[in-house]
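Values in this document were obtained by computation on a predicted structure and should not be read as measured data.
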Amino acid sequence: MAHTAMSGNGTTGDDPLQTAVWRLRSRACWADAAALLPADRPAPALQRAALLAERCLYTEGGWEEAEDALRTAEAVAHSDEERGAAACERGYLAYAATLLGVRDRADEARAALGRAAALIPPGAAGRALLDFRRGLVAQNLAGAPQAARAAFRRAHAGATANADPLLLSFTWRHLAGLALRDGELTEARHGFAESLRIREELGYLVGTAPALVSLADTEEEPEASRLREEARRLFRLLGGVPTWLAQQLAPPAPGAATA
């Protein structure tokens, strides 16, 4: 199963509010991070909605709170770009609900991301994230890996141009996943290693365990087992988040054969 989160570079400069939000978010405390942000202005309202949508994907819960925050963000958006960003979040939340089997909202996801594409101009800061999410829909809902790869490459270029290392960690990860699917092991290992490196440098703890597991899938023993054990440690540290990683991190049954 493929997952991703919202954009954000994890480097907040001298802004103490954004530093606090990042630290909470990276440690899976999305509700606490969202509570720090006012809901009456477009940018923080959108950030609140994005945080709570990310919580849905990582915990498989909190859907109503995310919907409420998203409706607020949509209500206070004024410019086309702000409305486009809100539509991008709506598409992402609908994608997450479909991916996790909560409810089939695939048509809503496609429509919202299409609306975002009409509102966010090419070259705008939010376009790379939109391209990435359209790639997710192509890959995981439409089963169209070629379209997904093209979208991920556009997002990768945009994340590089906009100096968005967190999004870059996701584009590396998903391009690597497609490479692994095609049997390109060296390319996949490089992409997964880059994704892990960026997340560790940013301190994005909640996204580090999935990155470790993905890299382990391309490594030989004993390195693969070492990476998975580190992922288990982080998974336990964060209270079993992301929930969808639990099955992959389950220890082998006693006496089970190992490669």
Side-chain angles (χ1 to χ4, degrees), residues 3-59 62 65-79 81-90 92-93 96 116 120 123-133 155-156 158-173 195-211 234 237-239 241-242:
H3 301 267
T4 187
M6 68 179 183
S7 181
N9 61 22
T11 54
T12 54
D14 297 325
D15 186 335
L17 173 60
Q18 288 301 321
T19 297
V21 167
W22 170 255
R23 286 176 177 168
L24 289 166
R25 174 194 174 190
S26 66
R27 289 160 176 76
C29 300
W30 295 280
D32 292 339
L36 298 177
L37 297 164
D40 58 348
R41 298 196 307 277
L46 181 68
Q47 190 178 7
R48 286 181 71 251
L51 286 165
L52 295 174
E54 183 173 273
R55 180 179 67 166
C56 291
L57 192 65
Y58 277 77
T59 69
E65 293 90 339
E67 288 285 354
D68 288 345
L70 183 54
R71 283 191 290 268
T72 298
E74 289 168 334
V76 300
H78 298 307
S79 69
E81 204 161 331
E82 289 165 356
R83 285 189 287 270
C88 186
E89 290 304 327
R90 178 157 295 285
Y92 182 57
L93 188 61
I120 301 174
R127 191 74 188 202
L129 180 61
L130 172 60
D131 285 335
F132 181 69
R133 289 174 172 175
H156 192 83
T160 301
N162 293 321
D164 187 342
L166 183 59
L167 180 56
L168 200 60
S169 82
F170 284 104
T171 57
W172 273 121
R173 174 171 162 76
S195 178
L196 175 61
R197 177 188 62 78
I198 292 169
R199 292 178 184 199
E200 289 180 334
E201 287 178 357
L202 294 177
Y204 187 56
L205 290 182
V206 74
T208 299
L234 283 173
L237 178 67
L238 294 172
V241 175

Under a 3.5 Å distance rule, please check whether Arg173 uses its side chain to pair with a backbone N or O of Pro210 as donor and acceptor. yes

Between OG1 of Thr208 and CZ of Arg197, what distance do you get to the nearest 0.5 Å? 13.0 Å

What closest approach, in Å, do Ala125 and Glu81 show between heavy atoms, and which atom pair accounts for it? N-OE2, 4.3 Å

Ignoring hydrogens and geometry, is there a side-chain-to-backbone donor-acceptor pair from Arg127 to Ile120 under 3.5 Å? yes

Salt bridge or not between Glu89 and Arg133? Use side-chain N to carboxylate O under 4.0 Å. yes

For a 4.5 angstrom cut-off between non-hydrogen side-chain atoms, does Asn162 reach Leu167? no

Steps toward side chain to side chain contact (heavy atoms under 4.5 Å, CB included) verdict (Leu166, Trp22): CA-CA 12 Å; Leu166 183 59; Trp22 170 255; 3.9 Å; yes

Side chain to side chain contact (heavy atoms under 4.5 Å, CB included) between Leu51 and Arg25: does it pass, once the steps are laid out? CA-CA 7 Å; Leu51 286 165; Arg25 174 194 174 190; 3.7 Å; yes

If I compare all heavy atoms of Ala73 with all of Ala49, which pair ends up nearest, and what's the gap? CB-CB, 4.3 Å

Can you tell me how the ring of Trp172 sits relative to the ring of His156, calling it parallel under 30°, perpendicular over 60° and tilted otherwise? perpendicular

Give me the atom names and distance for the closest heavy-atom approach of Arg27 to Leu205. CG-CD1, 4.0 Å

Output for pair (Ile198 CD1, Thr171 OG1), nearest 0.5 Å, gives 7.0 Å

For Ala155 and Ala128, work out which heavy atoms get closest and say how close. CB-O, 3.3 Å

Do Val76 and Asp40 have side chains that approach each other closer than 4.5 Å (heavy atoms only, starting at C-beta)? no

Taking the side chain as everything from C-beta on, heavy atoms only, tell me whether Val241 gets closer than 4.5 Å to Trp30. yes

Hey, does Gln18 have a side-chain heavy atom less than 4.5 Å from the side chain of Leu36? no

Measure up the Phe132 and Phe170 rings against each other and bin them: parallel (under 30°), tilted (30 to 60°), perpendicular (over 60°). tilted

Output the distance between atom CZ (Arg90) and atom CG (Leu70), rounded to the nearest 0.5 Å. 4.0 Å

To the nearest 0.5 Å, how far apart are CG in Leu52 and CG in Leu57? 13.0 Å

Using modelled atom types only, decide if a donor and an acceptor are shared between the side chain of Arg199 and the backbone of Gly207 within a distance under 3.5 Å. yes

Do other residues, nucleotides or ligands put more than 12 heavy atoms under 6.0 Å from Arg23 CZ? no

Is Arg41 atom CZ crowded by more than 12 heavy atoms from other residues, nucleotides or ligands, each under 6.0 Å away? no

Report yes or no: does Ser169 contribute a side-chain atom to a donor-acceptor pair with the main-chain N or O of Ser195 at less than 3.5 Å? no

Leu93 CG to Cys56 SG distance, which is reported to the nearest 0.5 Å: 5.5 Å

